[in-house]
Amino acid sequence: MIPLSDLLAGNTPLEKWMAHTGVRDLASFEEWLTMKHREFMTMRMSYELGDKDQSDELYEWVFAHAAAFGEVAANFRAMKERASRAPGAEAQVEALRKALQPFSSFAEHAIEHLPDGSAIWANSSRERICDWFGPSDFAAALSLKEG
């Protein structure tokens, strides 16, 4: 028996078979979602228009799937619309660069490269900079200086 927490997290033996292999990115997900929604709405309309009897045991299953795919599709379209109105990624990256500029200037002077290719905090005659900053600060400064 599989615990509910694993079922909700997708940790099941059949999980790898549930995902469509053609879904690789958001565009292909949208295409798959539109296809599934259309498929279930077409089946639902067969029941609604009288081509199939609504007392059929699959009617509720088709109705529920059409509703679920419809709701996911509506939320996906709304997310795309909101994202299209949001500032572009370039503007956000540029704002981040401007915010990091003082730290970049600091990194240029705070890191010293040794002849063996390694890097250390640069020392001043009065006090060692490594007393102020830790290893994660060093890694960030080094990546800013080198990148």
Side-chain angles (χ1 to χ4, degrees), residues 1-114 116-122 129-147:
M1 177 165 262
I2 300 171
L4 178 60
S5 58
D6 284 346
L7 288 172
L8 293 174
N11 298 330
T12 65
L14 296 177
E15 183 70 23
K16 64 182 176 182
W17 306 110
M18 294 176 76
H20 193 285
T21 58
V23 176
R24 298 168 310 283
D25 52 20
L26 286 177
S28 60
F29 173 74
E30 182 178 22
E31 186 178 332
W32 171 85
L33 181 59
T34 301
M35 176 186 69
K36 294 300 279 185
H37 184 227
R38 183 180 302 120
E39 177 184 327
F40 280 98
M41 284 302 290
T42 301
M43 286 190 280
R44 179 181 168 204
M45 287 303 110
S46 295
Y47 288 103
E48 299 297 331
L49 296 174
D51 294 340
K52 292 186 177 183
D53 187 13
Q54 289 187 3
S55 64
D56 181 12
E57 58 189 40
L58 285 179
Y59 172 71
E60 288 182 19
W61 183 82
V62 169
F63 189 88
H65 278 72
F69 280 113
E71 187 169 348
V72 172
N75 280 288
F76 187 81
R77 285 189 300 269
M79 179 271 308
K80 276 184 56 179
E81 175 63 28
R82 284 190 295 272
S84 71
R85 287 183 278 155
E90 296 85 19
Q92 292 176 356
V93 168
E94 189 56 36
L96 184 59
R97 271 197 194 107
K98 285 181 182 176
L100 288 175
Q101 185 55 42
F103 191 68
S104 297
S105 298
F106 163 78
E108 284 296 319
H109 302 288
I111 302 291
E112 180 181 335
H113 285 281
L114 300 177
D116 67 357
S118 63
I120 61 169
W121 284 116
I129 201 163
C130 59
D131 292 339
W132 299 344
F133 300 98
S136 62
D137 298 316
F138 179 79
L142 185 60
S143 69
L144 274 173
K145 183 174 181 173
E146 294 176 346

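Bear in mind the structure is a predicted one, so any value in this text is a computation, not a measurement.
For the residue pair Y59 and Q54, the shortest heavy atom distance occurs at CB-O, 3.4 Å. Between V62 and M43, the shortest heavy-atom contact is CG1-CB, 3.6 Å. Nearest approach of L7 to T12, heavy atoms of both residues: CD2-CG2, 3.5 Å. When all heavy atoms of R24 and T21 are compared, the pair lying nearest together is CG-O, 4.3 Å.
The environment of E48 atom CD is dense: over 12 non-hydrogen atoms of other residues, nucleotides or ligands sit within 6.0 angstrom. Atom CD of E39 sits in a crowded spot, with more than 12 heavy atoms from other residues, nucleotides or ligands closer than 6.0 Å.
Side-chain contact between I2 and P13: present, with at least one pair of heavy atoms (C-beta onward) separated by less than 4.5 Å. Residues E30 and L26 are not in side-chain contact: their nearest non-hydrogen atoms beyond the backbone lie 4.5 Å or more apart. Inter-residue side-chain proximity for H65 and W61 is flagged as met; some heavy-atom pair is nearer than 4.5 Å.
One N or O on the side chain of D25 and one on the backbone of S28 form a donor-acceptor pair closer than 3.5 Å. Judged purely by atom type and a 3.5 angstrom limit, H37 has no side-chain atom pairing as donor or acceptor with the backbone of L33.
Classification of the F69-W32 ring pair by plane angle, with boundaries at 30° and 60°, yields perpendicular.
L58 CG to S46 OG: the interatomic distance, rounded to the nearest 0.5 Å, is 12.0 Å.
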